[in-house]
Amino acid sequence: MARNATPLELFKTQMEVGMMLAEAQSVIAMRMMGWGGLWSVTADENDRMVSEKTEAITKSMQSATLAAMTGKRPDEIMNAAVKPLRQKTRANAKRLGKRGPTLMK
C-alpha cells in the first residue's frame with residue numbers, strides 16, 4: 001500500500017503551483033505592456049507565445065500520464081504535470097523581466 005503524502009510534500013506542491021501562477025501573470029502583464037509599447041519585447045513574441053504553449057502542455061500531459069500509470073500519488077502526479085509548465089513560466093518571466101520597460105522619448 002502506498003504511503004500518504006506528508007504535509008510538507010503537499011505544501012511543496014502548493015508552492016510550485018502558486019509560483020507558476022504568479023510567474024504566468026507577470027508574463028501576461030509584460031506581454032500586454034509590450035503590445036501597448038510600454039515593455040520591450042521582440043517582434044516574434046506573439047509567435048513564441050503560441051508555439052511554446054503546445055510544447056509545454058504536451059510535456060505536462062505526458063509527464064502526468066506517466067506518473068499516473070506508474071502508480072504515483074496524486075501530489076506526485078500534480079508535480080509531474082506542473083514541472084514542465086513551471087519551467088516555461090520561470091524562463092519567460094526571467095527573459096521578459098530582463099528586457100525591461102520601453103523608455104519613452
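Residues take their numbers from the sequence shown, with the count starting at 1. Side chains included, hydrogens not; waters and symmetry mates left out as well; all remaining heavy atoms used. Note that the structure is a prediction, hence the values are computed from the model and not measured.
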Considering all heavy atoms of both residues, which atom of [X] and which atom of [Y] are nearest to each other, and what is their separation?
X	Y	answer
Glu23	Arg90	OE1-N, 3.4 Å
Met30	Gly97	SD-N, 3.6 Å
Leu10	Ala5	CD2-CB, 3.8 Å

Using side chain to side chain contact (heavy atoms under 4.5 Å, CB included) as the criterion, list what pairs up with [X], not counting sequence neighbours.
X	answer
Ile28	Gln25, Met32
Thr54	Thr58
Ala24	Thr89
Leu21	Val17

Using residues 33-40 as the side-chain source, report each donor-acceptor pair under 3.5 Å to any protein atom, sequence neighbours left out, with the distance given to one decimal.
{"residue": "Trp35", "atom": "NE1", "partner": "Asn46", "partner atom": "OD1", "Å": "2.6"}
{"residue": "Trp39", "atom": "NE1", "partner": "Leu96", "partner atom": "O", "Å": "2.9"}
{"residue": "Ser40", "atom": "OG", "partner": "Arg99", "partner atom": "NH2", "Å": "3.2"}

Quiz item: Are Val27 and Val41 co-members of a hydrophobic cluster defined by side-chain heavy atoms under 4.5 Å apart?
Solution: yes
Answer yes or no: is there a side-chain heavy-atom contact under 4.5 Å between [X] and [Y]?
X	Y	answer
Arg95	Glu45	yes
Arg3	Arg73	yes
Thr13	Glu9	no

Exercise. Verify, without hydrogens or angle tests, whether Ser63 (side chain) and Ser60 (backbone) share a donor-acceptor contact under 3.5 angstrom.
Key: no
Exercise. Please answer whether the main-chain N or O of Gln62 pairs with a side-chain N or O of Thr65 as donor and acceptor at a distance below 3.5 Å.
Key: no
Exercise. State, without any angle test, whether Asn92 and Glu52 hold a side-chain donor-acceptor pair at a distance under 3.5 Å.
Key: yes
Exercise. Rounded to the nearest 0.5 Å, what's the gap from CE on Met20 to CG on Leu85? Could you check?
Key: 5.5 Å
Self-check item: Whichever hydrophobic residues join Phe11 through chains of side-chain contacts under 4.5 Å
Solution: Met15
